Amino acid sequence: GPISLAGTTTREKLYEDNANRSLLIYLDNSDAHKEQIMNYQRSLSAGTINTTQEAAIKLFLKDLQSMLQPIAVKNPYAQQLVIPETVFKPLRTNAHYLNFIEVVTFYKQYQREVKTDPTTGVAYIETTLADIQEANELLKEVLLAKSDELTKTCRDFLESLKVQVIKENIPTFFRSQVRAWFRINPHNLRYYLSQLVQYGYLQIVGGSKHKQGYEYEITSRDEYIKLNTSISNALDNAFHKLV
């Protein structure tokens with residue numbers, strides 16, 4: 001090392017130990033994004049996409065990468081930066097957070113004054129407050145995922161369930177209703193409900209396994225909002241102390 005490694009998987013839980021050593025970036029599975037993709041596919045099929053321009057932009061970005069030169073980065077604010085307490089595996093995540101800020105600074109090397117360490121003679125550039133603010137904005141979703149004990153797919157399912165329950169204006173629901181709402185695979189649905197009950201996000205309030213099925217209730221509809229707010233506040237408060 002050091003190395004830079006990128007990987008993909010659809011089985012996050014299986015690779016949980018590796019996930020703790022990585023910055024996790026999830027696909028945008030929102031309906032709006034899916035519509036954007038389908039619109040692009042239609043335009044591509046219709047021949048209205050300028051593929052030559054696309055190729056030129058990709059080459060330009062590749063050329064920009066080749067212009068970057070090895071240079072040390074020093075973050076004079078590093079000792080004052082504290083990651084949110086809700087983040088799991090804080091020892092690893094703290095290193096990820098500081099390294100990410102250094103990467104943001106590294107990419108701006110042509111916008112920074114190159115200084116020389118008088119002791120070692122090593123050339124370096126310094127992190128600015130703007131770099132930290134930019135890194136915080138980019139990492140909020142990542143740190144939120146690292147603070148959530150649920151996998152992303154299970155969390156997305158729960159948040160969709162909350163929206164649907166509010167829309168239907170019902171306090172409880174059965175598995176058959178969820179199947180009708182989301183047309184989800186029965187095996188996946190069984191897994192999600194089991195996980196959410198196990199972690200306490202759902203509770204069984206009635207029903208029977210052998211008849212209509214269990215009746216479920218969401219234990220807290222705003223817990224994710226509170227978690228999101230705590231992450232944002234922690235990063236914002238740490239940044240404001242530097243200003």
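The structure displayed is predicted, hence computed values, not measured ones.
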For the hydrophobic clusters of this structure (ILVMFWY residues joined by side-chain heavy atoms under 4.5 Å, transitively), does one cluster hold both Val205 and Ile166?
no
Does Thr128 have any side-chain contact (heavy atoms from CB on, under 4.5 Å) partners at least two apart in sequence or in another chain, and if so, which?
Arg112, Ala130, Asp131
Can you confirm whether Asn39 sits close enough to Gln36 that some side-chain heavy atom of one is under 4.5 Å from a side-chain heavy atom of the other?
no
Evaluate the criterion side-chain hydrogen bond (donor to acceptor under 3.5 Å, both in side chains) for residue pair Ser220 and Asp222; output intermediate values, then yes/no.
CA-CA 6 Å; Ser220 175; Asp222 62 352; 3.1 Å; yes
On a heavy-atom basis, the closest approach of Thr219 and Leu202 is CG2-C, 4.0 Å
Quick one: does Asn99's side chain get under 4.5 Å of Val103's, heavy atoms only?
no
Looking at Phe60, I want to see if its CZ is surrounded by more than 12 non-hydrogen atoms of other residues, nucleotides or ligands under 6.0 Å.
no
Would you name the heavy atoms of Pro70 and Phe106 that are closest together and state the gap between them?
CA-CE1, 4.5 Å
So do Thr105 and Ile125 actually touch side chain to side chain, heavy atoms under 4.5 Å?
yes
The test is side-chain contact (heavy atoms from CB on, under 4.5 Å); show your working for Asp31 and Glu35 and say whether it passes.
CA-CA 6 Å; Asp31 291 339; Glu35 187 60 33; over 6 Å; no
Given side chains that start at C-beta, do those of Ile218 and Tyr201 come closer than 4.5 Å, heavy atoms only?
no
So which heavy atom on Asp28 is nearest to which on His33, and how close?
O-CD2, 3.0 Å
Heavy-atom side-chain proximity of Thr51 to Leu44 below 4.5 angstrom:
yes
To the closest 0.5 Å, what do you measure between OG1 (Thr151) and CZ (Phe157)?
11.5 Å
Strictly by modelled atom types, are Glu215 and Thr172 linked by a side-chain donor-acceptor pair under 3.5 Å?
yes
So with a 6.0 Å cut-off around CD of Gln198, is the heavy-atom count from everything else above 12?
yes
Quick one: CZ on Phe239 to CG on Leu242, what's the gap to the nearest 0.5 Å?
7.0 Å
Side-chain ion pair, Asp236 and Lys241, N-O less than 4.0 Å:
no
List the atom of Ser147, the atom of Ile231, and the distance in Å for their closest heavy-atom pair.
OG-CD1, 3.2 Å
Counting only heavy atoms from other residues, nucleotides and ligands, does the tally under 6.0 Å from CD1 of Ile25 exceed 12?
no
Under the side-chain contact (heavy atoms from CB on, under 4.5 Å) criterion, do Val178 and Tyr192 qualify, and how do the steps go?
CA-CA 11 Å; Val178 181; Tyr192 292 150; over 6 Å; no
Nearest-0.5 Å distance, NZ of residue Lys226 to OG1 of residue Thr86:
14.0 Å
Which pair of non-hydrogen atoms, one from Gly207 and one from Phe174, has the smallest distance, and what is that distance?
CA-CE2, 4.4 Å
Do Tyr199 and Leu189 land in one hydrophobic cluster if side-chain heavy atoms of ILVMFWY residues count as linked below 4.5 Å?
yes
Closest heavy-atom pair and its distance - Ser66, Asp63
OG-O, 2.6 Å
Exceeds 12 heavy-atom contacts within 6.0 angstrom, atom CG of Leu91
no
Got a sec, which residues hit ring pair (Phe, Tyr, Trp, His ring centres under 6.0 Å) with Tyr224, two or more places apart in sequence or on another chain?
none
Checking salt bridge (Lys or Arg N to Asp or Glu O under 4.0 Å) for the pair Glu159/Lys152: CA distance, chi angles, key distance, verdict?
CA-CA 10 Å; Glu159 294 308 303; Lys152 186 63 165 59; over 6 Å; no
Is there a side-chain contact (heavy atoms from CB on, under 4.5 Å) between Thr127 and Ile132? Walk through the geometry before answering.
CA-CA 8 Å; Thr127 293; Ile132 297 173; 3.9 Å; yes
Please step through side-chain hydrogen bond (donor to acceptor under 3.5 Å, both in side chains) for the pair Glu126 and Tyr77, ending with a clear verdict.
CA-CA 10 Å; Glu126 285 189 344; Tyr77 307 98; over 6 Å; no
Cluster question for you: counting only ILVMFWY and a side-chain heavy-atom cut-off of under 4.5 Å, with indirect links fine, are Leu64 and Ile71 together?
no
Can you tell me how far apart CG (Leu138) and CG (Leu143) are? Round to the nearest 0.5 Å.
11.0 Å
Nearest 0.5 Å, please: how far is CD1 in Ile101 from CG in Leu139?
7.5 Å
Taking atom types as modelled, is there a side-chain donor on Tyr107 or Gln65 under 3.5 Å from an acceptor on the other?
yes
Would you say that Val82 contacts Tyr97 through its side chain, given a criterion of any heavy-atom pair below 4.5 Å between the two side chains?
no
d(Ile184 CD1, Ser160 OG) to nearest 0.5 Å is 9.0 Å
Could you walk me through whether Asp117 and Thr120 satisfy the side-chain contact (heavy atoms from CB on, under 4.5 Å) test, starting with their C-alpha distance in whole Å, then the side-chain angles of each, then the deciding distance to 0.1 Å, before giving a yes or no?
CA-CA 6 Å; Asp117 189 310; Thr120 63; 3.3 Å; yes
Do the side chains of Ile225 and Leu235 join up, straight or via other hydrophobic residues, at under 4.5 Å, putting them in one cluster?
no
Hey, could you give me each pair passing side chain to side chain donor-acceptor pair (under 3.5 Å) that has a residue in residues 173-189? Not counting sequence neighbours.
none
Are Lys162 and Glu223 close enough for a salt bridge, meaning some N to O gap below 4.0 Å?
yes
If you draw the axis of the six-membered ring of Tyr124, does the NZ or CZ of Lys74 fall within 45° of it and under 6.0 Å from the ring centre?
yes
Is it true that Val73 and Leu81 fall in one hydrophobic cluster, defined by side-chain heavy atoms closer than 4.5 Å?
no
Side-chain heavy-atom pair Leu161, Tyr216 within 4.5 angstrom cut-off:
no
Pair Glu134 + Lys108, salt bridge at N-O below 4.0 Å
yes
If only side-chain N and O atoms count, and only distance matters, is there a donor-acceptor pair under 3.5 Å linking Gln164 with Glu168?
yes
Side-chain contact, heavy-atom cut-off 4.5 Å: Leu227 with Asp148?
yes
